[in-house]
Amino acid sequence: QVRLEESGGGLVQAGGSLRLSCAASGGTFSLFVMAWFHQTLGKEREFVADVSWTGATVHYTDSVKGRFTISRDNAKNTVYLQMTSLKPEDTAVYFCAAHRPGPVDVDTTKASSYNYWGQGTQVTVSS
């Protein structure tokens with residue numbers, strides 16, 4: 001069973017930075033597409049960024065382009081989300097997700113495409 005554990009969330013002032021980490025265990029991490037989603041109260045989980053199994057291909061939602069960077073270290077079974085120039089609207093619970101590729105391509109910006117999820121870490125940006 002694949003287990004994902006996020007860390008690095010917290011309270012930060014607007015304009016500040018945080019780095020989230022997601023450590024994976026129980027599976028072949030290097031084969032997974034990894035992603036970050038966020039969720040606020042009463043809203044659905046929303047795509048933030050994803051990274052291919054090699055780390056060569058990344059995608060971002062428009063609102064974080066130029067501010068957030070997703071990366072992975074397959075030797076450490078860890079994916080990161082470096083967040084800079086944080087805004088109050090970035091406040092949310094951030095979830096790490098893993099997609100095990102299969103014979104059919106999926107839309108990796110959709111939460112339903114992911115097989116495994118972490119418990120989430122709270123990020124709060126004060127104005």
Hydrophobic clustering (ILVMFWY, side-chain heavy atoms < 4.5 Å, transitive) - are [Y] and [X] grouped together?
X: Phe95; Y: Leu18; value: no
X: Ile70; Y: Tyr116; value: yes
X: Val93; Y: Trp117; value: yes

Can you name the closest pair of heavy atoms from [X] and [Y] and give their distance?
X: Val79; Y: Phe29; result: N-CZ, 4.0 Å
X: Met34; Y: Cys22; result: CE-SG, 4.4 Å
X: Ala92; Y: Thr40; result: CB-CG2, 3.7 Å
X: Phe68; Y: Tyr60; result: O-CE2, 3.3 Å
X: Lys76; Y: Thr78; result: O-OG1, 2.8 Å
X: Ser17; Y: Gln82; result: CB-NE2, 4.1 Å

Any donor-acceptor pair under 3.5 Å linking the side chain of His99 with the backbone of Val33?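 No.
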Applying salt bridge (Lys or Arg N to Asp or Glu O under 4.0 Å), name anything that partners Asp62, two or more places apart in sequence or on another chain.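 Lys65.
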By salt bridge (Lys or Arg N to Asp or Glu O under 4.0 Å), which residues pair with Arg67, not counting sequence neighbours?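 Per chain and number, Arg67 pairs via salt bridge (Lys or Arg N to Asp or Glu O under 4.0 Å) with Asp90.
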Once you round to the nearest 0.5 Å, how far does [atom1] of [X] lie from [atom2] of [Y]?
X: Tyr114; Y: Leu4; atom1: OH; atom2: CG; value: 11.5 Å
X: His38; Y: Thr61; atom1: NE2; atom2: OG1; value: 7.0 Å
X: Tyr80; Y: Cys96; atom1: OH; atom2: SG; value: 11.5 Å

Does atom [atom1] ([X]) have a neighbourhood of more than 12 heavy atoms from anything else shown, all under 6.0 Å?
X: Glu89; atom1: CD; answer: yes
X: Asp107; atom1: CG; answer: yes
X: Trp53; atom1: CH2; answer: no

Using the side-chain contact (heavy atoms from CB on, under 4.5 Å) criterion, which residues pair with Thr91? Sequence neighbours excluded.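 Applying side-chain contact (heavy atoms from CB on, under 4.5 Å) to Thr91 gives Gln122, Thr124, Val125.
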Taking the six-membered ring of Phe32 as reference, does the NZ or CZ atom of Arg72 fall below 6.0 Å from its centre and within a 45° cone about the axis?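 Because its charged atom misses either the 6.0 Å distance or the 45° angle limit, Arg72 does not stack over Phe32.
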